Enquirer: 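Sending over a structure as structure tokens; questions will come in a sec.
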Number of protein chains: 2
Amino acid sequence: MAPDQLPETDLTRHRRLRDQGSLDRADLDAILDAGFVCHLGVVVEGRPLVVPTVYGRDERRLYLHGSVASRSLAGGTPVCVTVTHVDGLVLARSVFEHGVNYRSAMIHGEARKVTDPEEKLAGLRRLTEHATPGQWSYARRPSRKELAATTLLVLPLDAASVKIRTGAPDDGDGPDAELGLWAGVLPLTSAWGVPVPDPSLPPQTPIPAHIARREGTRHG
Amino acid sequence: MAPDQLPETDLTRHRRLRDQGSLDRADLDAILDAGFVCHLGVVVEGRPLVVPTVYGRDERRLYLHGSVASRSLAGGTPVCVTVTHVDGLVLARSVFEHGVNYRSAMIHGEARKVTDPEEKLAGLRRLTEHATPGQWSYARRPSRKELAATTLLVLPLDAASVKIRTGAPDDGDGPDAELGLWAGVLPLTSAWGVPVPDPSLPPQTPIPAHIARREGTRHG
């Protein structure tokens with residue numbers, strides 16, 4: 001079992017905006033499970049590289065689809081994986097108090113390439129099911145050749161930090177409240193749309209229930 | 001004027017997924033203008049750090065709100081700023097051909113802290129107007145003290161690369177098309193919701209038109 005509290009390390013300690021920080025394992029899981037695209041940061045020749053990629057997870061590990069960043073990840077390479085959901089603009093009376101409502105998780109660790117075919121298959125299953133629950137048992141699974149051509153990274157979920165901001169602006173009880181300006185939150189929501197069939201599909205190919213039922217549901 | 005074509009450097013050359021790459025300045029601008037949150041990557045003590053933050057731009061520069069990452073950005077520090085819009089899941093017949101429709105811009109360069117008060121004010125205006133057009137002339141602008149307490153980073157828009165994937169899965173004309181499986185795209189869209197007034201607002205405080213008119217409009 002994963003611990004309920006994430007260990008506090010030098011990397012995950014909240015040195016700023018402490019009130020927004022969380023070390024709750026449940027918060028981390030909720031943020032990871034609400035999305036499927038992360039930003040993976042690596043250091044290449046002393047410079048940072050940040051690439052978007054898809055991920056999945058189990059109780060203890062994060063799986064990442066290989067990307068341009070994988071070239072430099074032969075062994076245990078330090079990475080930072082960040083997942084962010086933007087929930088709205090915080091419109092205060094003063095520009096200074098403007099902000100964003102968001103949920104963000106940052107995972108630090110050493111990523112390694114998965115080489116064992118069974119571990120890779122299990123990781124790809126997590127990744128596929130994370131983005132599209134039900135799809136692993138519907139689509140054709142990877143052949144041995146395809147599996148070999150797939151780069152999968154794995155990273156322990158040990159060192160992570162979470163930041164969450166919710167609610168109204170902070171200047172409602174200060175002198176700026178006298179300005180008579182409107183203040184509040186402009187929410188931003190993300191939702192799944194109407195599935196678009198591949199134009200090359202034969203007519204009347206039925207859409208599977210696990211895809212059809214996502215239409216109109218919220219993401220993030 | 002900014003050049004129409006982004007210079008191709010070692011960092012922006014598309015070594016992988018070349019068909020998805022673009023060096024069009026118009027594509028870069030469109031991706032930047034469709035969002036307001038980026039992922040800023042820096043190297044801290046040899047390790048990558050990826051933090052979400054807000055940004056704005058002018059013709060030649062990207063402005064970033066200071067963050068925990070700014071502690072290490074005294075002079076010209078190499079950064080990588082990535083902005084990603086996720087447009088949908090690409091559901092192919094085979095797991096191997098699954099993917100994501102997305103638009104992503106990656107900007108490389110040396111970021112510096114803005115210290116000149118006039119430059120900082122101009123940059124904050126870009127940043128504020130980028131997230132909420134009309135807000136700079138509506139909200140109370142920063143005092144000298146607030147301006148000094150704000151960290152703003154600036155980065156030239158010289159070295160950037162863009163990746164875009166659109167459309168149907170790629171396995172509609174291969175042997176997997178015979179499997180009879182549904183394939184297509186499950187679109188993901190982001191939209192502005194109903195503005196939520198700060199509970200501490202006096203009743204009947206009018207909502208300004210530049211905020212009200214965003215309700216229901218698409219973001220990203």
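Keep in mind the model is a prediction, meaning the values are calculated, not measured. Each chain gets a letter, A, B and so on, in the order its sequence line appears, and its residues count up from 1.
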Enquirer: Write down the atom of Gly41(A), the atom of Pro48(B), and the distance for their closest heavy-atom approach.
Expert: O-CG, 3.3 Å

Enquirer: Just checking heavy atoms, which of residues 123-134 of chain A are less than 4.5 Å from chain B?
Expert: Thr128(A), Ala131(A), Thr132(A)

Enquirer: Between Leu40(B) and His39(A), is there a side-chain heavy-atom distance shorter than 4.5 Å?
Expert: no

Enquirer: For residues 198-205 of chain A, give me every residue with a non-hydrogen atom less than 4.5 Å from any non-hydrogen atom of chain B.
Expert: Asp198(A), Pro199(A), Ser200(A), Leu201(A), Thr205(A)

Enquirer: Do any of residues 186-194 of chain B come closer than 4.5 Å to chain A, heavy atom to heavy atom, and if so which ones, in number order?
Expert: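 So far as heavy atoms go, Leu186(B), Pro187(B), Leu188(B), Thr189(B), Ser190(B), Ala191(B), Trp192(B), Gly193(B), Val194(B) are the residues that approach chain A to under 4.5 Å.
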
Enquirer: Below 4.5 Å from any heavy atom of chain B, which atoms of Leu179(A) appear? Answer side chain, backbone, both or neither.
Expert: side chain

Enquirer: Select one option (side chain, backbone, both, neither) describing which atoms of Phe36(A) are under 4.5 Å from chain B's heavy atoms.
Expert: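 Just the side chain, heavy atoms under 4.5 Å.
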
Enquirer: Measuring only between side-chain heavy atoms, which start at C-beta, is Trp182(B) closer than 4.5 Å to Pro206(A)?
Expert: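 Counting from C-beta outward, Trp182(B) and Pro206(A) never come under 4.5 Å.
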
Enquirer: Given Arg214(B) and Leu89(A), is the side-chain contact (heavy atoms from CB on, under 4.5 Å) satisfied, shown in steps?
Expert: CA-CA 12 Å; Arg214(B) 291 185 98 176; Leu89(A) 282 166; 3.7 Å; yes

Enquirer: Flag the pair Leu49(A) / His108(B) as yes when at least one side-chain heavy-atom distance between them is below 4.5 Å, and no otherwise.
Expert: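 Yes; the side chains approach each other to less than 4.5 Å.
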
Enquirer: State, to 0.1 Å, how close Gly46(B) and Val43(A) come at their nearest heavy-atom pair, and which atoms those are.
Expert: O-CG2, 3.7 Å

Enquirer: Please give me the minimum heavy-atom distance between Met106(A) and Val50(B), naming the atom from each residue.
Expert: CE-O, 3.3 Å

Enquirer: How about residues 90-100 of chain B versus chain A: which residues have heavy atoms under 4.5 Å apart?
Expert: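 Interface residues of residues 90-100 of chain B: Leu91(B), Ala92(B), Arg93(B), Ser94(B), Val95(B), Phe96(B), His98(B), Val100(B).
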
Enquirer: Tell me which of these, Ser143(B), Ala168(B), Pro208(B), Pro197(B), has more heavy-atom pairs under 4.5 Å with chain A than the rest.
Expert: Pro197(B)

